[in-house]
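Remarks on the structure that follows.
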Amino acid sequence: MSPASTGASTSVDAVPTVPAAASPSDSLMAPGGPGYRRMSFALFLAGVATFALLYSTQALLPLISGEFGVSASDASWTVAAATGGLALFVLPMSALSERYGRRTVMTGSLAVAVTLGLLVPFAPSLGSLVVLRALQGAALAGLPASATAYLAEEVRPRALITAIGLFVAGNSVGGMSGRVITGWVAQEWGWRVAVGVIGAVAVACAIAFRLLLPAPRHFTPGSLRPAVLARTVRDHLADPLLCRLYAIGALFMTVFGGVYTVIGYRLTEAPFSLPQGIVGSIFLVYLVGTVSASTAGRLVGRLGRRGSLYLAGGTTALGLLVSLADSLPLVLLGLVLITAGFFAGHAVASSAVSKTATTGRAQASALYQSAYYIGSSAGSTVGAVAFHAGGWAGTVGVGILAVLGVVTITVFGTRAARRQSPASRTEAVAY
């Protein structure tokens, strides 16, 4: 690191008794350093709780349809309402985190979300269930953007992709465990007991998170003035690179939301006719996402960010096509490929947002998360409608169109980068 970047004196005549200024990065966390392991595990648990709660009803949609006598597209609103609530409130919650601190907002968000999670099993109707899920999603909005902003402020830049990858890996574990647990519990005791168990697990994760997460050392409170927030948001939306990253996150999540909202219906119907517990266990393929997200840093090191996105998009598209087969092993292989591609693409895009934004990081991350969960809500709803109209092939068609969008945006970004000067290309964050 150059003296200019560290603040160290460059004068050969400097008085030797005056120590050089320490590098600001010396107090940032890095793998193997103090607090890094506690921080990683705490945010991993936050990711587990977030995704377990957010998608707690997704594997249970056939049972919810049966109890309330509604279609797949109606039941899918229990997922879309939660992700939609998160998408709408992630920006206001990020503003609160700029003023009151990342750890404070994350703790409060988890506390409210787990409380609502304990009320969800008692919903008397589909309408009330959807309302509770929307409120739960809004509460969870304080987690994603605040977590990535916390990491961008507290972790050394070279370790940022790996750290965010671990948080995303926690998301995948939460999504997987929530669906697997609810599948088997629901098979024996019904969907209400299943979502209650997830609420209890989330309570434990929330308590451990608060006890483990180190206090921030580099947070500087910002302003809650609407004009300041609006200016920050406007500046981020005026950045072409950030806008492309937001679109990529939304399109990847459109694929993922559609596939995993509908897959339960497909596997419980002919020719598979699997019981609910086995259908829930299908979500063990999320472990693949855990690996692909946590290794995103190494992937970017070899292929670059754009190359990694091409690979992630191609893997996702291949998985969609393979899943068309009426063979359970091939359907599982398709889900593995879709999951690996999605989590790798998400980790790469979200880390690029954190690295690109030098100011208003919480708002930059919030805009990404908002786009990401709008994609989830759209995927859940459109994927279910497409399934109702054209079966699994309809859902796959929606996914292929979304992947084509990712590839198109990445190609456009590649061409835009080539038009820059060599010096600018070196310094630019290639998403």
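As the structure is a prediction and not an experimental result, all values here were calculated from the model.
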| request: Take Glu67 and Arg192, measure what salt bridge (Lys or Arg N to Asp or Glu O under 4.0 Å) needs, and give me the verdict at the end. | output: CA-CA 11 Å; Glu67 176 170 332; Arg192 294 180 184 275; 2.7 Å; yes
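- Side-chain atoms of Leu328 and Phe272, non-hydrogen and from C-beta on, do get closer than 4.5 Å to each other.
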| query | Can you check side chain to side chain contact (heavy atoms under 4.5 Å, CB included) on Ser94 and Val90, steps first, answer last? | reply | CA-CA 6 Å; Ser94 74; Val90 67; 5.6 Å; no
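- Shown here is Arg37, whose CZ atom has no more than 12 heavy atoms of other residues, nucleotides or ligands within 6.0 Å.
- In terms of modelled atom types and a separation under 3.5 Å, the side chain of Ser376 and the main chain of Tyr372 share no donor-acceptor contact.
- Within 6.0 Å of atom CH2 in Trp77, 12 or fewer heavy atoms from other residues, nucleotides or ligands are found, so the atom counts as exposed in its surroundings.
- Close placement of the Tyr260 and Phe256 rings is indicated, their centers lying within 6.0 Å of each other.
- Note: His346 and Tyr368 meet the aromatic proximity criterion, with ring centroids under 6.0 Å apart.
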| request: Kindly indicate, with the supporting measurements, whether the criterion side chain to side chain contact (heavy atoms under 4.5 Å, CB included) is fulfilled by Phe122 and Leu132. | output: CA-CA 10 Å; Phe122 303 100; Leu132 282 172; over 6 Å; no
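- For Thr57 (side chain) and Leu60 (main-chain N/O), no donor-acceptor pair under 3.5 Å exists by modelled atom type.
- Between the side chains of Ser76 and Thr261, no donor N or O sits under 3.5 Å from an acceptor N or O.
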| task | Mind running side chain to side chain contact (heavy atoms under 4.5 Å, CB included) on Val112 and Leu116 for me, showing each step along the way? | result | CA-CA 6 Å; Val112 175; Leu116 290 168; 4.1 Å; yes
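- Annotation for Gly405 and Leu251: closest pair C-CD1, 3.6 Å, computed over non-hydrogen atoms.
- Using a 4.5 Å cut-off on side-chain heavy atoms (C-beta onward), Val259 and Phe342 make no contact.
- Side chain of Arg133 to backbone of Thr78: a donor-acceptor contact under 3.5 angstrom is found.
- A donor-acceptor pair shorter than 3.5 Å can be found between the side chains of Ser65 and Tyr265.
- Applying the side-chain hydrogen bond (donor to acceptor under 3.5 Å, both in side chains) test to Gln276 and every residue at least two apart in sequence or in another chain returns nothing.
- Looking only at side-chain heavy atoms (C-beta outward), Ile198 and Ser56 come within less than 4.5 Å of each other.
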| query | Trp189 and Val197: side chain to side chain contact (heavy atoms under 4.5 Å, CB included), yes or no, with the steps? | reply | CA-CA 11 Å; Trp189 296 288; Val197 169; over 6 Å; no
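- Between Leu53 and Val114 the shortest side-chain heavy-atom distance falls below 4.5 Å.
- Within the structure, every pair that satisfies the salt bridge (Lys or Arg N to Asp or Glu O under 4.0 Å) test and touches residues 319-328, not counting sequence neighbours, is listed here: Arg266-Asp326.
- Using a distance-only test at 3.5 Å, with no hydrogens or angles considered, a donor-acceptor pair links the side chain of Thr182 to the main chain of Gly178.
- Of the inter-residue distances, the one linking Arg156 atom CZ with Tyr36 atom OH reads 11.5 Å to the nearest 0.5 angstrom.
- Considering every non-hydrogen atom in both Ile374 and Ala87, the closest pair reads CG1-CB, 3.6 Å.
- Annotation: the span from Leu43 atom CG to Thr50 atom OG1 amounts to 10.0 Å, rounded to 0.5 Å.
- Thr381 places no side-chain N or O within donor-acceptor distance of the main-chain N or O of Ala378, the cut-off being under 3.5 Å.
- Here CG of Leu54 is found 8.0 Å from CD of Gln136. Values are rounded to the nearest 0.5 Å.
- Residues Ser365 and Tyr150 have side chains not in contact (no heavy-atom distance under 4.5 Å, counting atoms from C-beta outward).
- Between the side chain of Glu154 and the backbone N or O of Arg217, at least one donor-acceptor pair lies under 3.5 Å.
- Nearest heavy atoms, Ser308 versus Val348: CB-CG2, 4.0 Å.
- Remark: side-chain polar atoms of Thr395 are paired, donor with acceptor, to backbone N or O of Gly383 under 3.5 angstrom.
- Nearest approach of Arg38 to Leu212, heavy atoms of both residues: NH2-O, 2.8 Å.
- Checking side-chain atoms of Ser323 against main-chain N and O of Leu320 turns up a donor-acceptor pair under 3.5 Å.
- When every heavy atom of Thr83 is checked against every heavy atom of Ser377, the shortest pair comes out as OG1-OG, 2.6 Å.
- Atom-to-atom distance recorded for Leu267:CG and Ser281:OG is 11.5 Å, nearest 0.5 angstrom.
- A donor-acceptor pair shorter than 3.5 Å cannot be found between the side chains of Thr107 and Thr104.
- Taking 4.5 Å as the limit, every side-chain heavy atom of Val185 sits out of range of all side-chain heavy atoms of Trp191.
- Residue pairs meeting the ring pair (Phe, Tyr, Trp, His ring centres under 6.0 Å) criterion with at least one partner in residues 52-72, sequence neighbours excluded, are Phe51-Tyr55.
- With hydrogens and angles disregarded, no donor-acceptor distance shorter than 3.5 Å links the side chain of Ser146 to the backbone of Leu143.
- In this structure, CG in Leu274 is found 6.0 Å from CD1 in Ile282, a value given to the nearest 0.5 Å.
- The shortest distance between side-chain heavy atoms of Phe209 and Leu110 falls below 4.5 Å.
- Between Arg102 and Ser97, the side chains place a donor N or O and an acceptor N or O closer than 3.5 Å (distance only, hydrogens not considered).
- Residues Val155 and Leu28 fail the side-chain proximity criterion, which asks for heavy atoms closer than 4.5 Å.
- The minimum heavy-atom distance linking Gln58 with Gly257 is given by the pair NE2-O, 3.9 Å.
- Taken to the nearest 0.5 Å, the CG atom of Leu45 stands 11.5 Å off from the CD1 atom of Ile207.
- Around the CZ atom of Phe41, the shell of radius 6.0 Å holds no more than 12 heavy atoms that belong to other residues, nucleotides or ligands.
- In this structure, the side chain of Ser109 does not engage the main chain of Met106 through any donor-acceptor pair within 3.5 Å.
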